[in-house]
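Here the structure is laid out as structure tokens; the discussion comes afterwards.
In the text below, chain A, chain B and the rest are named by the order of the sequence lines, each starting its count at 1.
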2 protein chains.
Amino acid sequence: MVYSRLMAVDRDHVLRSAAALLTRKSTATMDEVARAAGISRATLHRHFAGRDALVRALEALGIAECEAALEAARPEEGPAEDAVRRLVAAVEPQAGLLAFLYSENQLFEGEEQNEGWTRIDERIADLFRRGQESGEFRIDLTPAWLTEALYGLLASAAWAVAEGRVAPKDFTRMVVELLLGGTRRRTGSAPREHQRNES
Amino acid sequence: MVYSRLMAVDRDHVLRSAAALLTRKSTATMDEVARAAGISRATLHRHFAGRDALVRALEALGIAECEAALEAARPEEGPAEDAVRRLVAAVEPQAGLLAFLYSENQLFEGEEQNEGWTRIDERIADLFRRGQESGEFRIDLTPAWLTEALYGLLASAAWAVAEGRVAPKDFTRMVVELLLGGTRRRTGSAPREHQRNES
DNA sequence: CCCGAGTGAGACATGAATATCTCACATGGT
DNA sequence: ACCATGTGAGATATTCATGTCTCACTCGGG
């Protein structure tokens with residue numbers, strides 16, 4: 001019996017479609033989640049003890065994806081600006097899930113947040129700090145705020161894309177350009193080229 | 001009998017404390033909302049037919065506050081950059097309520113959103129568009145995205161302040177500086193002074 | 001061919017939040 | 001002192017999502 005492996009595959013598929021659905025409708029019912037995954041409510045409950053367990057599993061998935069994105073982006077290599085670009089590009093596919101977890105976190109209110117997020121927060125803050133120390137980034141905005149702002153922009157962009165307000169293909173460029181360059185037009189030097197989307 | 005005027009005052013007070021509570025705990029129960037306002041469930045129900053009506057009233061309040069802030073900020077006067085600073089400063093007191101409504105809007109999913117938001121969106125987008133046409137702002141980010149990003153940064157900042165991650169006094173500066181100037185350090189010209197908080 | 005694991009469909013109970021109602025009490029005006 | 005209005009507290013009903021259970025079905029392996 002290879003049921004354990006089959007379960008794992010199914011579980012992952014359920015998790016993915018749940019993430020996709022809850023991204024759009026964060027109050028979706030367990031029945032809706034099940035139908036979205038193409039299974040019945042009973043089977044969904046066989047995979048996840050309850051809604052809480054499902055959200056926890058989604059949180060674990062989000063953390064794992066974020067850490068994978070951080071790994072792929074190599075945040076401590078090269079210019080900090082390029083590292084930020086790599087990071088946003090790598091995390092873009094998970095932006096919807098991130099936005100869901102981001103707002104869901106507000107509901108955990110009293111409880112301590114998963115330490116996985118703390119680790120990720122610190123790695124991202126380290127990236128901004130590195131950019132400040134190298135002179136690339138301004139030093140009058142704290143790394144903690146820049147990290148928080150990155151999350152906020154990712155969530156905003158994911159939502160704006162879902163609403164059809166902006167084109168999906170512009171996602172990474174919009175987030176990165178606003179985060180790094182801001183709204184103000186560059187006056188002193190020629191604007192940096194920003195068409196390259198990755199690498 | 002002046003009960004109609006008294007009701008109005010009470011209703012506003014209830015609305016304010018409900019906004020303050022739901023800003024912190026968006027899933028607060030009707031009973032918690034009532035207690036936070038210092039009244040009983042029954043009285044709360046006498047003011048608002050149900051939770052839905054309460055949220056609608058909060059939405060109306062948020063829209064009114066936003067329009068008042070827009071009015072006070074005079075977005076079409078002077079340099080666009082200064083207008084953005086005035087706008088963020090004027091809207092700061094309502095950032096928590098805005099963040100709550102911003103996430104709550106995702107639940108209205110299918111329904112059309114209140115046209116009040118559309119009006120506000122357009123006025124803010126017009127401000128960014130004006131800055132682009134005057135040459136102050138870069139033109140490679142759409143006004144719609146800049147508007148969306150402003151909402152996201154306001155919500156992020158409100159949440160970060162509530163979590164104690166950043167100091168409340170830095171709120172406006174953080175949002176404005178990141179939105180306008182971005183993370184990147186200015187190289188060509190000396191960084192613009194940004195200590196003036198208002199006017 | 002048979003057996004069993006996994007599944008879907010549905011019944012059923014539980015719990016939470018909501019919505020409605022009643023009743024006693026306090027307060028303010030006459 | 002009396003009365004009316006608004007209120008708080010509690011009881012009750014309803015709704016809805018959740019969690020648990022049963023049972024029949026199917027598909028794949030032995």
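- With respect to the salt-bridge test (charged N to carboxylate O, under 4.0 angstrom), the residues B/Glu67 and B/Arg123 do not qualify.
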As a quick check of understanding, evaluate side chain to side chain contact (heavy atoms under 4.5 Å, CB included) for A/Glu65 and A/Val91, giving each step before the final call. CA-CA 8 Å; A/Glu65 297 281 9; A/Val91 103; over 6 Å; no

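- Here C/dG8 presents its P atom at 13 Å from NE2 of A/His45, a figure rounded to the nearest Å.
- Using a 4.0 Å heavy-atom distance criterion, A/Arg51 is classed as a sugar-phosphate-only contact.
- In this structure, CE of A/Met30 is placed 17 Å from C1' of C/dG10, rounded to the nearest angstrom.
- Across the protein-nucleic acid pair, B/Arg46 atom CZ and C/dC23 atom P stand 14 Å apart, rounded to whole Å.
- Regarding A/Leu22, its CG atom lies at a distance of 14 Å from the P atom of D/dA17, rounded to whole Å.
- Note: CZ (A/Phe48) to C1' (C/dT7) measures 16 Å, nearest angstrom.
- Judged by distance alone, the side chains of B/Ser156 and A/Glu148 never bring a donor and an acceptor atom under 3.5 Å apart.
- Under 4.0 Å is where a charged nitrogen must lie from a carboxylate oxygen, and between A/Glu177 and B/Arg138 at least one such pair does.
- Computed from coordinates, the B/Arg41 CZ to C/dT22 P distance equals 17 Å when rounded to whole Å.
- Here C/dG15 presents its P atom at 19 Å from CG of B/Asp31, a figure rounded to the nearest Å.
- Using a 4.0 Å cut-off, some side-chain N or O of A/Thr43 falls inside it from OP1 or OP2 of C/dG8.
- When each of A/Ala42 and A/Ala28 is assigned the nucleotide of DNA chain D bearing its nearest heavy atom, the one mapping closer to the 5' terminus is A/Ala28.
- At least one side-chain nitrogen or oxygen of B/Thr29 sits closer than 4.0 Å to the OP1 or OP2 atom of C/dT18.
- Positionally, the nearest nucleotide of DNA chain C for A/Ile39 lies more toward the 5' end than for the other of B/Asp52 and A/Ile39.
- Nucleotide C/dG10 holds its C1' atom 16 Å from the CG atom of A/Leu44, rounded to whole Å.
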